[in-house]
Amino acid sequence: MKKMTKISTVVASLLIAGSASAITPGAYVGAGVGDSVLRTPSVNSVPGVATSQSRGGLGGRVFAGYNFTKNFGLEAALAAYASSTAKASMAGRSVSQKDSLNALSLIGKGYLPLGDTGLNAYVLGGLAEVRNQLRTTGNLVPASQTGTTSTNSLRPTYGLGMSYDLPNQMTTSLELSRIQGKGNMRTSDSAIPNADMISLNLGYNFG
């Protein structure tokens, strides 16, 4: 009985030690899914015009990075956001707009290990190459309104998160990030909305 108790204590200690390590220096890869939203303007209410709008939904990302120390790393990520749509109709005519966005980003990450808990708080900041596409279809007015505007732009991105080190070189994290938009969405088809995502990620560490 005493022998089994000692073995259980050793096993528990090993598990705790394995899960309480700080960020592992070296390369890593991973993927995440979560809630995303493009902060497009709300549709104005106009008498006699029926309007509807849909913003937010499932987004996803894949990433690869390298942690130089337990406190600093670099990461490249490709993210896709849920599209935003708006529609207006009147007297049998309608027009709709669909805004879609994806981004390739390069960020720096600063980690703060929270004691021996296995938790690491972190902040991130960098640049994202954004591709935003606005597609308009319909004929609310006699002139045709069908067309697509694609805009590429380098935009700042930032965020924060919390990661937890799992056994077998795995790490999970909960991350909130934003890509900063530009321009006036109400007056310019080439404007870019703020893009937000909160994602649950799972990564594998090669270090």
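All residue numbers in this chain count up from 1 along the given sequence.
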**Asked** Any donor and acceptor pair, going by atom type alone, linking the side chain of R155 with main-chain N or O of G181 inside 3.5 Å?
**Response** yes
**Asked** Distance only, no hydrogens: is a donor on one side chain within 3.5 Å (strictly under) of an acceptor on the other, for S153 and T151?
**Response** no
**Message:** Surrounding CG of N184 (heavy atoms of other residues, nucleotides or ligands, distance under 6.0 Å), is the total greater than 12?
**Reply:** yes
**Asked** Is there a donor in the side chain of Q133 and an acceptor in the side chain of S100, or the other way round, less than 3.5 Å apart?
**Response** no
**Donor-acceptor under 3.5 Å (R39 side chain, N194 main chain)** = no
**Message:** Closer than 3.5 angstrom, by distance alone: can the side chain of N71 be matched with the main-chain N or O of Y111 as a donor-acceptor pair?
**Reply:** yes
**Request:** Return the set of residues passing salt bridge (charged side-chain N to carboxylate O under 4.0 Å, His left out) with K98 (not counting sequence neighbours), or none when no residue passes.
**Result:** none
**Request:** Classify the ring geometry between Y204 and F206 as parallel (under 30°), tilted (30 to 60°) or perpendicular (over 60°).
**Result:** perpendicular
**Message:** For a 4.5 angstrom cut-off between non-hydrogen side-chain atoms, does R55 reach L38?
**Reply:** no
**Item:** Side chains of R135 and T148, donor plus acceptor under 3.5 Å
**Value:** yes
**Prompt:** Going through the checks in order, is the side-chain hydrogen bond (donor to acceptor under 3.5 Å, both in side chains) test met by S173 and N201?
**Reply:** CA-CA 5 Å; S173 65; N201 312 291; 3.1 Å; yes
**Asked** Going by heavy atoms in the side chains, are P193 and N132 under 4.5 Å from each other?
**Response** yes
**pair K70-N120: side-chain heavy atoms closer than 4.5 Å** = no
**Prompt:** Is any side-chain heavy atom of I179 closer than 4.5 Å to a side-chain heavy atom of M197?
**Reply:** no
**Request:** Please answer whether the main-chain N or O of L114 pairs with a side-chain N or O of T117 as donor and acceptor at a distance below 3.5 Å.
**Result:** yes
**Asked** Hey, is the main chain of R178 close enough, under 3.5 Å, to the side chain of T157 for a donor-acceptor pair?
**Response** yes
**Prompt:** Taking Q180 for the side chain and P156 for the main chain, is one N or O donor matched with an acceptor at less than 3.5 Å?
**Reply:** no
**Asked** Would you say the side-chain atoms of T171 pair up with the backbone N or O of G203, donor to acceptor, closer than 3.5 Å?
**Response** no
**Prompt:** In chain order, what residues pass the salt bridge (charged side-chain N to carboxylate O under 4.0 Å, His left out) check against E175, with sequence neighbours excluded?
**Reply:** R61
**Message:** Just to verify, what does R131 make a salt bridge (charged side-chain N to carboxylate O under 4.0 Å, His left out) with, not counting sequence neighbours?
**Reply:** none
**Heavy-atom check, side chain of V130 versus side chain of N152, under 4.5 Å** = no
**Prompt:** Are Y66 and E75 linked by a side-chain donor-acceptor pair shorter than 3.5 Å?
**Reply:** no
**Message:** Treating D189 as the side-chain partner and T149 as the backbone partner, does any N or O pair qualify as donor plus acceptor under 3.5 Å?
**Reply:** no
